[in-house]
Amino acid sequence: MSPPAQDDWVARSLRSVWHPCTQMQHHETVPLIPVSHGRGPWLVDTQGREYLDGISSWWVNLFGHANPRINAALKDQLDKLEHAMLAGFTHRPVVELSERLGALTGGVLGHCFYASDGASAVEIALKMSFHFWRNSGQAGKQEFVCLAGSYHGETLGALGVTDVALFREAYGPLVRRAHVVDSPDARLAREDETAVDVARRAAAGLETLLQQRAGQVAAVVVEPLVQCAGGMAMHDAQYLRELRAICDRQQVHLIADEIAVGCGRTGSFFACEQAGVWPDFICLSKGISGGYLPLSLVMTRGSIYQAFYDSDVTRGFLHSHSYTGNPLACRAALATLDLFAQDDVLFNNRRKARVLSQALQPLADDARVRHLRRQGMIWAFDAVLEDAQQAATFSRRFYAAALRRGLLLRPIGCTVYLMPPYVLDDEEMHLLAERTLLTFDEVMRTPLVAAWSEPQGSML
Ligand SMILES: *Cc1c(COP(=O)(O)O)cnc(C)c1O
């Protein structure tokens, strides 16, 4: 076999790069796209083909690729300080970011702890909660509760509170599993039930569990308003109000994993704001750096912070990452917060959302579609597929068909979702809707060919 041409990035990548969340053999049928550069909501490959990034590059890119204002902030930061360890040292970007995020919670969650990825933020919140209870003389509180269909990351600790079978089952023996309670997913409404009824029913189930196990449970972890990776399951904000009240009654922490739903994605900066409650911990990552650099953080209350404040080192929080509070990543986050403030993003997104919702209306009357739904800047619908093979291969076939139309979308199982960056103009919103509808129609009409027919799990 002759070596690949110097510019054959796909072949070279398939030889040397192990791609995430991927059965590498699928790349025999699913294309791998060599990206040359990005511009706004567009990714451009090495052949000059353009792809509309309908999922913000795995939900991280809020303000487009190569955003001039974030770029300028990073270039400025690069000449000042690229990194310094955060133990024993501090710097302006990390201080400003902590203060500004704390202020966005009205000072309720005024202490920020930093890491680099979402799963680590979740594990930090779990460890902090456990350690808080131990410092408070309740070392028996060692268990956690998560929701059916929840996703909180894929490291071993985070997998313990993740209920996506595909990710968890293969590593089951390594994982310490949390209690799993009913999801408030509005699609689970029985006849004559509203979304609020489903929320109340799910909350009642949680309270029953905690009445028995509150002495052993440290925290409940939830993705507020939308369980994203589990298939864009949306619930009524009433659930979060009930959850807050139950956690208070049962003396259990509430961890809000806003890694995907935070940063304006659901319509408010923090999703919890729509329920009018604050959790004990908020995890942020993904969009917080505008999709530029790996950054995650956990925000918590003064009362929790105080339980660690002591002369004894073992009562302090024992956790660190090499790149904790990286100045470049924090500066990208500050530039992202500036964009929110200067461009009135949350207000303008409401108008943009109306444009896209309107353009997606044909799906509402399509018999092949169920549960067309939206929360803020997340749209989703479920494809009705009777045939098991069709269903098992739907996400990959849709992904490939969308790419052929210059669109980046990756359905989760049979759920097609859109999570575009906040910078699409009206024309791009219409293009996004049009390409989505055409792709859906094509995939639903096209019979399976042999290359696709082996049943395999979904992709994210
Ligand atoms: C993506 C995600 C995570 C994990 O973040 P990583 O950076 O991929 O580790 C955790 N929770 C939620 C809700 C997420 O969407």
Side-chain angles (χ1 to χ4, degrees), residues 19-22 55-62 113-129 144-164 166-168 171 175 178 180 183-185 219-235 239-240 243 254-266 270-272 279 281-299 319 321 323-324 326 329 332-333 375-378 380 410-413 415 417-419 458-460:
H19 292 268
C21 206
T22 299
I55 57 169
S56 303
S57 284
W58 255 353
W59 323 347
V60 301
N61 186 288
L62 302 189
F113 192 97
Y114 289 85
S116 315
D117 59 82
S120 297
V122 168
E123 300 208 7
I124 285 164
L126 299 176
K127 281 176 73 176
M128 265 186 189
S129 172
F144 299 101
V145 179
C146 66
L147 272 51
S150 60
Y151 178 93
H152 297 289
E154 292 165 56
T155 54
L156 291 177
L159 270 182
V161 288
T162 287
D163 185 49
V164 176
L166 180 69
F167 298 140
R168 204 200 49 231
Y171 309 101
V175 173
V180 180
S183 166
D185 181 352
V220 178
V221 56
V222 63
E223 296 162 83
L225 298 185
V226 188
Q227 295 181 274
C228 294
M232 302 298 157
M234 301 182 181
H235 59 252
Y239 183 71
L240 302 171
L243 202 53
L254 177 55
I255 301 171
D257 177 350
E258 296 226 7
I259 289 166
V261 296
C263 302
R265 187 50 78 178
T266 64
F270 295 108
C272 285
F281 302 92
I282 290 181
C283 303
L284 281 185
S285 188
K286 291 206 163 99
I288 187 60
S289 71
Y292 267 68
L293 287 159
L295 179 71
S296 69
L297 57 102
V298 178
M299 304 171 68
H319 192 99
H321 294 284
Y323 283 97
T324 299
N326 174 259
Q375 175 70 57
M377 293 292 275
I378 307 174
R410 286 170 65 107
I412 299 169
T415 298
Y417 73 90
L418 288 73
M419 251 206 225
S458 64
M459 65 206 293
L460 254 186

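Computation of the quantities below employed the complete heavy-atom set of this structure, encompassing side-chain atoms and omitting hydrogens, waters and symmetry-equivalent molecules. In listed order, ligands and their atoms are each counted from 1. Positions are given from 1 along the sequence.
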> Looking at Thr162, Asp163, Asp257, which hits side-chain hydrogen bond (donor to acceptor under 3.5 Å, both in side chains) with His152?
Replying inline: Asp257

> Are side-chain N/O atoms of Glu223 and Ser150 paired as donor and acceptor at under 3.5 Å?
Replying inline: no

>> Pair Tyr239, Val222 - check side chain to side chain contact (heavy atoms under 4.5 Å, CB included), show working.
In response: CA-CA 10 Å; Tyr239 183 71; Val222 63; 4.2 Å; yes

> If you draw a 6.0 Å radius around OH in Tyr323, do more than 12 non-hydrogen atoms from other residues or ligands fall strictly inside?
Replying inline: no

> Which distance, rounded to the nearest 0.5 Å, do you find between the CG of Leu297 and the CD1 of Ile288?
Replying inline: 6.0 Å

> Are Trp59 and ligand 1 in contact, using a heavy-atom cut-off of under 4.0 Å?
Replying inline: yes

>> Under a 3.5 Å cutoff, is there a donor and acceptor pairing between the side chains of Ser183 and Gln227?
In response: yes

>> Quick check on contacts: which atoms of ligand 1 are under 4.0 angstrom from a heavy atom of His152?
In response: 10 (C), 11 (N)

>> For atom 6 (P) of ligand 1, what's the nearest protein heavy-atom neighbour? Residue, atom name and distance, please.
In response: Gly118 N, 3.3 Å

> Nearest protein heavy-atom contact for atom 13 (C) of ligand 1: which residue, which atom, what distance?
Replying inline: Asp257 OD2, 3.3 Å

> Which atoms of ligand 1 have any heavy atom of Gly153 under 4.0 Å away?
Replying inline: 4 (C), 10 (C)

> Who's the nearest protein heavy-atom neighbour of atom 1 (C) of ligand 1, and how far?
Replying inline: Lys286 NZ, 1.6 Å

> Ala260 heavy atoms, cut-off 4.0 Å: which ligand 1 atoms fall inside?
Replying inline: 15 (O)

> Looking only at heavy atoms, what is the nearest atom pair of Ala178 and Cys146, with distance?
Replying inline: CB-SG, 4.2 Å

> Nearest to atom 9 (O) of ligand 1, what protein heavy atom do you find, and at what distance?
Replying inline: Ala119 N, 2.8 Å

>> Under 4.0 Å, heavy-atom basis, I'd like to know which part of Ile259 is in contact with ligand 1: side chain, backbone, both or neither.
In response: side chain

